[in-house]
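The structure under discussion appears below in the form of structure tokens.
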Protein chains: 4
Amino acid sequence: MRIDLNCDMGESFGAYTIGADAEVMASISSANVACGYHGGDPAVMRRTVRLAREAGVAVGAHPGFQDLAGFGRREMRLAPQEIEDMVLYQIGALAAIAQSEGVRLQHVKAHGALYNMAARDRALADAIARAVAAFDPSLILFGLPGSELMRAGAACGLRVASEGFADRAYEPDGSLTPRSRAGAVIHDAEAVVRRAVRMAVDGIVAATDGSEISMHVETICTHGDTPGAQALTRALRAGLERAGIAIAAVAGPRP
Amino acid sequence: MRIDLNCDMGESFGAYTIGADAEVMASISSANVACGYHGGDPAVMRRTVRLAREAGVAVGAHPGFQDLAGFGRREMRLAPQEIEDMVLYQIGALAAIAQSEGVRLQHVKAHGALYNMAARDRALADAIARAVAAFDPSLILFGLPGSELMRAGAACGLRVASEGFADRAYEPDGSLTPRSRAGAVIHDAEAVVRRAVRMAVDGIVAATDGSEISMHVETICTHGDTPGAQALTRALRAGLERAGIAIAAVAGPRP
Amino acid sequence: MRIDLNCDMGESFGAYTIGADAEVMASISSANVACGYHGGDPAVMRRTVRLAREAGVAVGAHPGFQDLAGFGRREMRLAPQEIEDMVLYQIGALAAIAQSEGVRLQHVKAHGALYNMAARDRALADAIARAVAAFDPSLILFGLPGSELMRAGAACGLRVASEGFADRAYEPDGSLTPRSRAGAVIHDAEAVVRRAVRMAVDGIVAATDGSEISMHVETICTHGDTPGAQALTRALRAGLERAGIAIAAVAGPRP
Amino acid sequence: MRIDLNCDMGESFGAYTIGADAEVMASISSANVACGYHGGDPAVMRRTVRLAREAGVAVGAHPGFQDLAGFGRREMRLAPQEIEDMVLYQIGALAAIAQSEGVRLQHVKAHGALYNMAARDRALADAIARAVAAFDPSLILFGLPGSELMRAGAACGLRVASEGFADRAYEPDGSLTPRSRAGAVIHDAEAVVRRAVRMAVDGIVAATDGSEISMHVETICTHGDTPGAQALTRALRAGLERAGIAIAAVAGPRP
């Protein structure tokens, strides 16, 4: 049994540092690297790709809205074609820097508000999927299980990878509990590990009402910009490995 | 005999239009497409690449400083590594969009203040050349004849193409007369055509003091954002063709 | 009888020109000056204030979303406090430049998506009104008649001025026909003038279904960034004056 | 005897935190608040003004180049008029937010590359001084003793306040040792305190060659974005007070 552990990385910008990338990198298998729109800049991108390469971590593009002031977390209403073009732009920019470091991209994961909107809005999801497929049809598209984004990716012929969030509460319908609600983020490391193991082994997660939801996922997201991220990620990896689950990038080890 | 005619293209941004790209495209052989830093945005980039493809015009990246407010014309002091990363970022972004339109990049031409600084500053020129070579060593680097940028490109193993400006006055030492000086830009279409033909046929241009400078160039730049650009570019092409000079992209016709 | 004619102004940015500000200024009585977020920059702001002063036109702040790429026309989901702070920031910036040109602000009109969202969303409308009142409670707030923004302004003790659009179609419920629908923008100058006169004299506008809506307005908006804006605005002023309606800024002539 | 202790504040941006503003505020008497160009955003500006007010610290505007990616530390070549307009824009924006918090600005201190360039370049210094004087001639302009900026401020009729850097090495000619050189920043807290006391009491600082330079200053700058800034600033205040020097804002206590 194996699972991928992914984390948003490279979201620092110029003089501003966010996250503990170097420390977290040691525990994950896939890094979602910001592409300069919601966070990151060309220098940070190079540094992050290098860190990932040295840690044997697969690299993916993490495109977001061009809203640095809002860190890509504020919804913006763009036309699907605008979305497609901006996603392609960001993937291309990161791929160029990655290539110059000898790294090929493994996957694409949309960031923040773009990710959430694409889970519900098929036109937007199609735009993202088209951009990914146009750049490289062998890229793997990450998304919420059962989301419009996963359907759009499959319709474009992309390999898709469903993603679970071990430190986030779920509603009975399988959606994430909004961050604005109490208990939306789970801080207890042991609980997080238990939930991750349950997802990885049984494909099940407990919802806020106690019901169990089917949650078959190939990759589990952990957050790098919260205090204690490093310890939590390390605990997550250790817990999963203790349960006999290998941590490996979705695309498998590179030859 | 043949020469390339290049023009800066795709510098519009969002609701803002600059230049008469569709009209000028009919007369040139190489388009320098802005990459979203000093001008351009992902939608404009796609539109411009498409225009170029339809007109049979070769596409190049036109990276600049991230200074939209100054249109990339204001000098900024960046470290060479910052320059390398930002140039690579911009080339990659454009190449991704171009590829999705079935177009491969032919060349790279730095924009505005970046171009001028790289003509004089070898460390900066090396940074640009490294970015180009890292992305694709078959890309052709445009620059001022005899400039540091041309030397840096050659040292990186790149094919370089010297560029002349038919509508700009030259100092006796071969440098461009600064735009701040009267007569720096030549507006008389006939004079511009005569100068272009002289450059293309004899490899010579007259300096401001009347002396003749050797100016062997493979490509001649024409400006698309000045009033009358369309008519001037058309006159330039017609005048060169009348003189028996074919207009063709530097890399030659694509197979 | 009198009415105010207002127009968005100063939306050029750096090397990019939009609108025919100098020409339109001769026909209007209030200029909504962009503040550097959705358009405009400090130099453009100064130039525009100067043009307004010379033409005897009242100056207002025209704050928008920080989305130059989308010209402030794309909806962004910001918290009310974020809205309040960014509106205050923009008003203050323009007021400083205006003051250095000897001009005091008359009004505030939100731009694009911010204007439309504030018409429907009271929390957002309150945020804008609070920012205006905090800066200067004598500023006049422009908005759609009957909108949440007008209510919020009144609740804050601000003088509000209802605004009509002579060149836009209205739905039977008094809302503007979305631009995406055919006929949303009226291009026939005579029709535009007729509608403006009807609004100014009778307080009535015809809706798309032929019904008549009550539309008591103190100011009529004309658009400066459409082709033919100059001629249309001139025709509008002439038509209103022919009908015996004086064109005067909402706050009345400055002493 | 008294001296002002100033520190750059409010340089966080959106999701990005820089500096330990709340902690440092307790030890200083003047806060230089970033205005959204090189750092800061409207929400951060409000928060910072509030922190200053609560700590009884005077507030000044800290305008910089519009280069968030470079934190305003990279030289940019702007025309003097561009500088004047952008400085005025930033002061106005901060003043509006400060006023809504019941705070009037005390001073203006240019940031980073703008500060350094204005020390040497009179045209640029004049532009800054003109912007300050146009906004409010009672604002105090901070700058290096003997710099062009101090001369420009005085020529504009502004009160100027010379500034010393207790944690920076000085060259024999009174200029700051460039950060690129070893020993440019002094990290030993005791040495920093000793130097500050010497400046405040004797108006003297030791240069890198051991010679003593006259350095009459009204305000001493301490840095808030370095590790240990809080402890150093506290030590600085305590050391100065132990030496019998009161810490008070340049403009004196507000009535």
Side-chain angles (χ1 to χ4, degrees), chain A residues 10 12-15 33-37 40-50 61 63-66 68 76 78-105 108 127-137 139 156, chain B residues 10 12-15 33-37 40-50 61 63-66 68 76 78-105 108 127-137 139 156:
Chain A
S12 295
F13 181 82
V33 181
C35 303
Y37 265 45
D41 64 37
V44 170
M45 288 158 75
R46 181 185 293 280
R47 210 158 60 220
T48 310
V49 167
R50 213 173 268 178
F65 285 121
Q66 191 162 28
L68 192 68
M76 294 179 71
L78 273 68
Q81 187 61 51
E82 289 179 300
I83 298 284
E84 180 179 341
D85 294 345
M86 83 166 198
V87 167
L88 187 49
Y89 180 100
Q90 294 180 63
I91 298 173
L94 177 65
I97 291 174
Q99 175 206 300
S100 81
E101 293 289 333
V103 170
R104 252 192 97 189
L105 302 187
V108 173
I128 294 174
R130 275 199 308 271
V132 175
F135 185 75
D136 177 355
L139 285 168
C156 264
Chain B
S12 295
F13 180 81
V33 181
C35 303
Y37 266 46
D41 64 37
V44 169
M45 288 157 76
R46 181 185 294 280
R47 209 158 61 222
T48 310
V49 167
R50 214 173 268 178
F65 284 122
Q66 191 163 29
L68 192 68
M76 294 180 69
L78 274 68
Q81 187 61 50
E82 289 179 300
I83 298 284
E84 180 178 344
D85 294 345
M86 83 166 197
V87 168
L88 187 49
Y89 180 100
Q90 293 180 64
I91 298 174
L94 177 65
I97 290 174
Q99 175 206 299
S100 80
E101 294 289 333
V103 170
R104 252 193 99 189
L105 301 187
V108 173
I128 294 174
R130 275 198 309 271
V132 174
F135 186 74
D136 178 356
L139 285 168
C156 264

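All figures in this text were calculated on a predicted structure; none of them were measured in a lab. Below, chains carry the letters A, B, ... as their sequence lines are ordered, and counting in each starts from 1.
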- Query: Of the listed residues (B:Gly36, B:Ala93, B:Ala43), which shares the most heavy-atom pairs with chain A below a 4.5 Å separation?
  - Reply: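 So the answer, after comparing B:Gly36, B:Ala93, B:Ala43, is B:Ala93.
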- What option among B:Pro42, B:Cys35, B:Ala96 has the most heavy-atom pairs under 4.5 Å with chain A?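 The option with the most such pairs is B:Pro42.
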- Message: Tell me if a side-chain donor or acceptor on A:Glu101 pairs with a main-chain N or O of A:Arg46 at a distance below 3.5 Å.
- Response: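 No: the side chain of A:Glu101 does not pair with the backbone of A:Arg46.
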- Task: Using modelled atom types only, decide if a donor and an acceptor are shared between the side chain of A:Glu84 and the backbone of A:Pro80 within a distance under 3.5 Å.
- Result: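 It does not hold such a pair.
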- Task: Check whether A:Gln66 gets within reach of chain B through its side chain, its backbone, both or neither, counting any heavy atom under 4.5 Å.
- Result: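 For A:Gln66, there is no contact with chain B at all, as no heavy atom is under 4.5 Å.
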- Task: Check each atom of A:Glu82 against the heavy atoms of chain B and say whether the ones under 4.5 Å are side chain, backbone, both or neither.
- Result: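 When you check distances to chain B, no heavy atom of A:Glu82 falls under 4.5 Å.
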- Task: If the plane angle is over 60° it's perpendicular, under 30° parallel, otherwise tilted; pick one for A:Tyr89 and B:Tyr89.
- Result: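 Correct class here is perpendicular.
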Do you know which two heavy atoms are closest between [X] and [Y], and how far apart they sit?
X	Y	value
B:Leu105	B:Ala98	CD2-CB, 4.0 Å
A:Gly10	A:Val44	O-CG1, 3.5 Å
B:Leu94	B:Met45	CA-CE, 3.5 Å
B:Pro63	B:Val87	CG-CG1, 4.1 Å

- Using non-hydrogen atoms and a limit below 4.5 Å, what part of residues 129-137 of chain A faces chain B?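 Only A:Ala134, A:Phe135 of residues 129-137 of chain A have a heavy atom under 4.5 Å from chain B.
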- Check each atom of B:Ile97 against the heavy atoms of chain A and say whether the ones under 4.5 Å are side chain, backbone, both or neither.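 For B:Ile97, the contact with chain A is made by backbone and side chain together.
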- So which part of B:Ala95 gets closer than 4.5 Å to some heavy atom of chain A, the side chain, the backbone, both or neither?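 The answer is neither part of B:Ala95.
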- Item | Which of A:Gln90, A:Gln99, A:Met86 touches chain B most, by non-hydrogen pairs under 4.5 Å |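 Maximum pair count with chain B is reached by A:Gln99.
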- Got a second to check how far B:Ile128's CD1 is from B:Cys156's SG, nearest 0.5 Å?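 Taking CD1 in B:Ile128 and SG in B:Cys156, the distance rounds to 11.0 Å.
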